[in-house]
Student: 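Sharing a structure here in structure tokens format.
Quick caveat: nothing in here was measured; it's all calculated off a predicted structure. Residue numbering restarts at 1 for every chain, and letters A, B, ... go by the order of the sequence lines.
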Amino acid sequence: MAAGAWLKECARVVAAERERLTGLDAAIGDADHGANLDRGFQAIVAELDLGDEAEPGAQLVAAGSLLIRRVGGASGPLYGSALRSMGKALSQGADLSTALEQAVEAVEKLGKAVEGDKTMVDALRPAANAMALAVQEGIGVREALDRAARAAEEGAAATTPMRARKGRASYLGERSEGHRDPGATSAALLIRALAATW
Amino acid sequence: MKKLINAPDAVVRDALRGLALAHPGLAVDLENQVVTRAALTPGKVGLVSGGGSGHEPLHAGFVGYGMLDAACPGEIFTSPVPDQLIEATKAADQGAGVLHIVKNYTGDVLNFEMAAELCAEEGIEVASVLVDDDVAVEDSLYTAGRRGTGATLFVEKIAGALAETGAPLAKVAAVAELVGARSRSFGVALTSCTVPAAGKPTFDLPEDQVEVGIGIHGEPGRRRVPLASARELAEVAMDAVHGDLPLEGELLVLVNGMGGTPLIELYGVFAEVAAYVKGKGATITRSLVGNYVTSLDMQGFSVTVCRLDDDLTRLWDAPVSTPGLRWGR
């Protein structure tokens, strides 16, 4: 288990995809998703101890708190709460699948969003479900994570034709259709980073 | 992108440095991005607002006598974080509790909620009012609800005036709710705005088209229509407002510039708005024309209407002394 490695990979991927995320947000939101997440994850890398010795649950709780304190907007509290819930679950001895489920439930509860609303939940919910199913089938964590990442990517891609019902994109009504959701896209990147590092 | 900035990521900080130097009546915490009155009034209900930057003079420009006690500017178009709001709330709490004035956006609501919870745990009485006046957004299960736009200024001014009289938190919160409930807005954009960090206009709008039903974050509107005269565009906006809250009685009307439209055009729009109101048999008894709730360099206007009564008129007329709004004192 290497929460630090995951967080570093998140920071790398978000920095690399910053312009793309902001571009997606410009189409149906307010053109700041990439910049905001980048600011938050850069702060995590700069300010937290991401070494292997630290307890992964505590690292994730600290990272979540930092996102809440630095990012602002909706994505700061949402991703921040997700990491905090995941970290708390791990600290209490939960397995990764259960911890991921807790993270996704935190986002659903705080954002009051469900699948189909064209939000990050459209990537996160399928990821948690795929992971849980894989674990149930007795598949190893690595393969289970890969399935979770694929489910997140498919979920993010599936947001394109949706009409947004939550967040800023919902103001556009039918004009939000035909644009991929930036939150679902960044969520899929973070889950893929998890699969690549855990 | 052509902008008077030092660097895209220094825009908010640089503006706050300037605000502090230009207005000695304000105390500006540059580190935490919190603006408070330099002298707070013991025993008075505190008013705190905040939101993304890019809407100047909202909110920091409305800190001062008769309006806000503290404001928290976030990054451009990004809500402030809970730490800022907690610091502002603690500063504004002068023993009578604090009213949070929150524009209805998912991010603002989440961050204010987190801050209010933490402040309540520390024993500060916090009430919140959600401003959601923009009729361009359908308030339904299928949206995040109406946006908070121009009515925010009305709420801050009127609730601020009541707080100065020594009224308790429950009454200040109630008048804030009342103003919100009696106010409606609608906006039209001639151009997009350019977010400094993005470096290019948020949306492309052909020379001969306008966006109707825009918000204040460069988000596209509900639809595009061909460019029309000030009279026709004012009519589009007023039809939307009137369709939601019929114009009657005495009205406070704000014709607000989005940041890139000259005053000469805004006054032209006001003339059309006034004619429209007269045609409906209502009366504009108070008005405001200018750039108050802006969207960076966007060209366009919004119109906000509030149905007044005698109490609200008196509170609107009460003295105010802030960088962005000042009279009677």
Student: Of all the residues in residues 133-145 of chain A, which have a heavy atom that comes within less than 4.5 Å of a heavy atom in chain B?
Tutor: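 Heavy-atom contacts from residues 133-145 of chain A to chain B are absent.
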Student: Please classify the contact of B:E211 with chain A as side chain, backbone, both or neither, using a heavy-atom distance under 4.5 Å.
Tutor: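 Only the side chain of B:E211 comes within 4.5 Å of chain A.
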Student: Please classify the contact between A:S176 and chain B as side chain, backbone, both or neither, with a heavy-atom cut-off of under 4.5 Å.
Tutor: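 It is neither, since no heavy atom gets under 4.5 Å.
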Student: With a 4.5 Å cut-off on heavy-atom pairs, point out which of A:G76, A:A27, A:G167 contacts chain B the most.
Tutor: A:G167
Student: Examine whether an atom of B:F203 lies under 4.5 Å from a heavy atom of chain A, and if so say whether it belongs to the side chain, the backbone or both; otherwise answer neither.
Tutor: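 Neither part.
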Student: Given the options B:T106, B:I76, B:T143, B:V195, which has more heavy-atom pairs under 4.5 Å with chain A than any of the others?
Tutor: B:T143
Student: Can you confirm if the NZ or CZ of B:R222 lies within 45° of the ring axis of A:Y171 and under 6.0 Å from the centre of its six-membered ring?
Tutor: no
Student: For the CZ atom of B:R223 and the CZ atom of A:R175, what is their distance to the nearest 0.5 Å?
Tutor: 10.0 Å
Student: With side chains defined as the heavy atoms from C-beta onward, is the minimum distance between A:L110 and B:M114 less than 4.5 Å?
Tutor: yes
Student: For the CG atom of A:D25 and the CD atom of B:E219, what is their distance to the nearest 0.5 Å?
Tutor: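 Those atoms lie 10.0 Å apart.
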Student: Measure distances from B:N104 to the heavy atoms of chain A and classify the residue's part below 4.5 Å as side chain, backbone, both or neither.
Tutor: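 Just its backbone gets close to chain A.
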Student: Within a reach of under 6.0 Å around NZ of B:K200, are more than 12 heavy atoms found that belong to other residues, nucleotides or ligands?
Tutor: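 Open: at most 12 neighbouring heavy atoms sit under 6.0 Å from NZ of B:K200.
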Student: For the residue pair B:L110 and A:L78, establish whether any side-chain heavy-atom pair is separated by less than 4.5 Å.
Tutor: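 Of all side-chain heavy-atom pairs linking A:L78 with B:L110, at least one is under 4.5 Å.
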Student: Pick from A:E174, A:R39, A:K166: which one has the most heavy-atom pairs with chain B under 4.5 Å?
Tutor: A:R39
Student: Out of B:G213, B:G107, B:A197, B:P201, which one racks up the most heavy-atom pairs below 4.5 Å with chain A?
Tutor: B:G107
Student: For each of B:T78, B:D108, B:D83, B:V109, tally heavy-atom pairs with chain A at distances under 4.5 Å, and name the one with the top tally.
Tutor: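 Ranked by heavy-atom pairs under 4.5 Å with chain A, first place is B:T78.
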Student: What residue in B:G215, B:S79, B:A198 has the most heavy-atom pairs under 4.5 Å with chain A?
Tutor: B:S79
Student: Looking at every heavy atom in both B:T202 and A:A26, which two are closest together, and how far apart are they?
Tutor: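 Closest pair (atom of B:T202, atom of A:A26, distance): CG2-O, 3.6 Å.
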Student: May I ask you to list the residues in residues 60-75 of chain A that approach chain B closer than 4.5 angstrom, counting heavy atoms only, ordered by number?
Tutor: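 The list, in residue order, reads A:I68, A:R69, A:R70, A:V71, A:G72, A:G73, A:A74.
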Student: Counting only heavy atoms closer than 4.5 Å, note whether A:A113 contacts chain B via side chain, backbone, both or neither.
Tutor: neither
